[in-house]
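Sharing a structure with you now.
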Amino acid sequence: MTFSTMLSTMAAGMLRTCGIFFLTLLGSLPLGMVVCLLRKSKHALVRTIVKIYISIMRGTPLMLQLLVWYFGPYYLFRLPIGGWRFPAIIFGFVVNYAAYFAEIYRSGIDSMPVGQYEAAEVLGYTKGRTFFRIILPQVVKRILPAVTNEVITLVKDTSLAFTLAYSEVFSLAKQISASQTSFVPFVIAGVFYYIANYAVAFAMERIEKALNYYR
Amino acid sequence: MKKIVCIALAALLLLALCACGKDKGPVTYGFLDETLGVESYAIGFRKGDDALMQTVSGAVKALVKDGTYAAIGEKYPDIKDYLCLKAEDISDADLPAKGSGDPSYTFIHGFDLDYPPYSYLQDDGSVGGFDVELCQAVCDYLGWKYQPLPFNWDAKDAELNAGSCDCIWSGFTKEGREDDYCWGITYSNNTQGILVASNSGIKTLADLKGKTVGVQTATSAMDMLEGDRKDLADTFKELKVYETYTIAFADLKAGAIDAIAIDMTAGSFLIANEAAAASK
């Protein structure tokens, strides 16, 4: 295999990796907020259920979760699972990452001083307005570094999609390595991951700077 | 004075490096004459899929008869000697007719793309290998559509049972799994052997006493060393289990392990690749 074939094969795999990456972020960033708000719900039952959900999502390997989401419908309910492969992968990643993002959001929200809520109440803000106009904009700024961490982890976690036969860049690296008896594909995969993560870190830094309008 | 010391030390370092790099003659790799045992590669179908198994096995026989099987074997020199089906042994009686399959049917071939030379990525980046080509030929013969599913080997049973693929066909060993699948035709025999470096001094299985031996996880070589040949594995200093043979082979080249337990076809593939790289 020539170096350029290797590169183009793996670049195609990287595109598939990016597919999971963007769809997961698209789903899990908003879902994480919903989970976080439910986690802070006044109802003990809702709170407990969400706590159990977060605990399972964080406490079990993502690889196992992907297997359960994809094969579960067949093994539990004998449903045909043709065509469910890609949705199952995205679903598995989204619900897993939403749990992590929810906890990051919660840390941000809980870090806001009570005084701000009290001041907002005095000024006649409703609860919703207080949250969206006063609390959330500050929370977003505070949690950005933690979110960046998680997003970078996501880039690397996409390699778990091969559990469900999704040929992303790392599984291709393994397969090319087996057929060529060479470690070069792993180095190429490393470079691809690094470029992707550099782009993520760069973009997040720009966002951090843009939001830093009071300093 | 400092400069002189520096230069002297640098020269010493250089000399030391030169000594390290001194050519000890090319190291080659080969198999011990003694082997661990023979196993058969067959096509695994879901239990109860007897009709599908009969059709595919029949089509394989027909391809043996018309020479396609041997022709594909010619493309894979590491496998050629291990193909066990002979045209003269096949009777014409129960072969399916060419094009007798349902043309709207898609046959999904489940395999591991990590398993040269049976199924692996080709030099042009396409999916190939002996098993892939034979399965494609079976589909062409019957008139079916062919669809490859390069799955994760760890999830093969889940994929097969859930109906995501119609068969497991990827250098798949029958021994030890006789009751777990509906087995199709055995199309290749393979021998499990021990791969060593020419300068290792290991000549027989007995020489492996106290040595470190590497093996790839979830392979027949590993099953063998943990089952029938556990007596032999017990004499090793350690049986190291690797995720892939590529990494095990790199460890062998680096001298971190003394031998690799591997089937002859996959091992010959590694040796051939290594020789090709060395001659470049």
Side-chain angles (χ1 to χ4, degrees), chain A residues 1-13 16 61 63-64 66-86 88-89 159-188, chain B residues 29 106 108 110-129 147-165 216 242-254 266-278 280:
Chain A
M1 184 180 279
T2 60
F3 189 73
S4 64
T5 320
M6 208 185 273
L7 217 55
S8 61
T9 309
M10 291 184 66
R16 293 165 64 82
M63 181 184 174
L64 176 71
L66 289 173
L67 286 172
V68 168
W69 292 127
Y70 180 62
F71 291 114
Y74 171 76
Y75 280 97
L76 297 174
F77 312 110
R78 300 282 141 179
L79 293 170
I81 53 175
W84 169 235
R85 190 178 296 276
F86 188 66
I89 293 170
S159 65
L160 288 170
F162 181 57
T163 314
L164 299 183
Y166 186 84
S167 83
E168 39 64 58
V169 69
F170 203 73
S171 64
L172 279 169
K174 265 206 277 199
Q175 289 156 0
I176 298 176
S177 162
S179 77
Q180 305 293 315
T181 324
S182 149
F183 286 137
V184 176
F186 289 118
V187 178
I188 297 176
Chain B
Y29 298 88
T106 303
I108 307 177
F111 59 95
D112 183 3
L113 206 42
D114 257 350
Y115 209 68
Y118 287 95
S119 46
Y120 63 110
L121 274 178
Q122 304 298 294
D123 280 351
D124 61 358
S126 64
V127 167
Q147 188 186 330
L149 177 72
F151 54 35
N152 188 325
W153 193 242
D154 298 329
K156 61 182 181 302
D157 296 321
E159 299 274 11
L160 182 68
N161 290 328
S164 312
C165 61
Q216 177 175 318
Y242 290 86
E243 192 185 352
T244 65
Y245 272 126
T246 315
I247 299 174
F249 192 58
D251 233 6
L252 179 73
K253 283 198 287 183
S268 311
F269 186 86
L270 280 178
I271 295 170
N273 259 359
E274 175 64 19
K280 249 180 215 164

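First the proteins, then the strands, lettered A, B, ... as listed; each starts at 1.
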Part of B:D112 within contact of chain A (heavy atom distance under 4.5 Å): neither

Proximal component of A:S167, with respect to chain B [non-hydrogen, under 4.5 Å]: neither

Region of A:R85 that comes under 4.5 Å of a non-hydrogen atom in chain B: side chain

Polar side chain donor-acceptor pair, A:Q180 to B:D123, under 3.5 angstrom: yes

Distance-minimising heavy-atom pair for A:A178 and B:F269: O-CE2, 3.8 Å

From B:N273 atom CG to A:S179 atom OG, the distance as rounded to the nearest 0.5 Å: 7.5 Å

Spacing of B:Q122 atom CD and A:T9 atom OG1 [to the nearest 0.5 Å]: 11.5 Å

Closest non-hydrogen atom pair between A:T163 and B:N152, with its separation: CA-ND2, 3.4 Å

Chain B contact via A:I176 - side chain, backbone, both or neither, heavy atoms under 4.5 Å: both

Contact class of A:Y166 relative to chain B, heavy atoms under 4.5 angstrom: neither

Nearest non-hydrogen partners of A:F162 and B:F151, listed with the distance: CZ-O, 3.6 Å

Atom of A:F183, atom of B:T246 and distance for their closest heavy-atom approach: CZ-O, 4.1 Å

CA sep, side-chain torsions, deciding dist, call: B:S164, A:Y74, side chain to side chain donor-acceptor pair (under 3.5 Å): CA-CA 10 Å; B:S164 312; A:Y74 171 76; over 6 Å; no

Winner by heavy-atom pair count (cut-off under 4.5 Å) against chain B, out of A:Y75, A:W84, A:Y70: A:Y75

Residue B:Y245 versus chain A: region with a heavy atom under 4.5 Å: neither

From B:I247 atom CD1 to A:K174 atom NZ, the distance as rounded to the nearest 0.5 Å: 8.0 Å

B:L149, part contacting chain A, at a heavy-atom distance under 4.5 Å: side chain

Shortest non-hydrogen separation from A:A165 to B:E159 and the atoms involved: CB-OE2, 4.0 Å

Max heavy-atom pair count under 4.5 Å with chain B, selected residue of A:S177, A:A12, A:S171: A:S177

A:Q175 versus B:D114, closest heavy-atom pair with distance: CA-OD1, 3.4 Å

Separation between CG of B:D124 and OG1 of A:T5, rounded to the nearest 0.5 Å: 7.5 Å

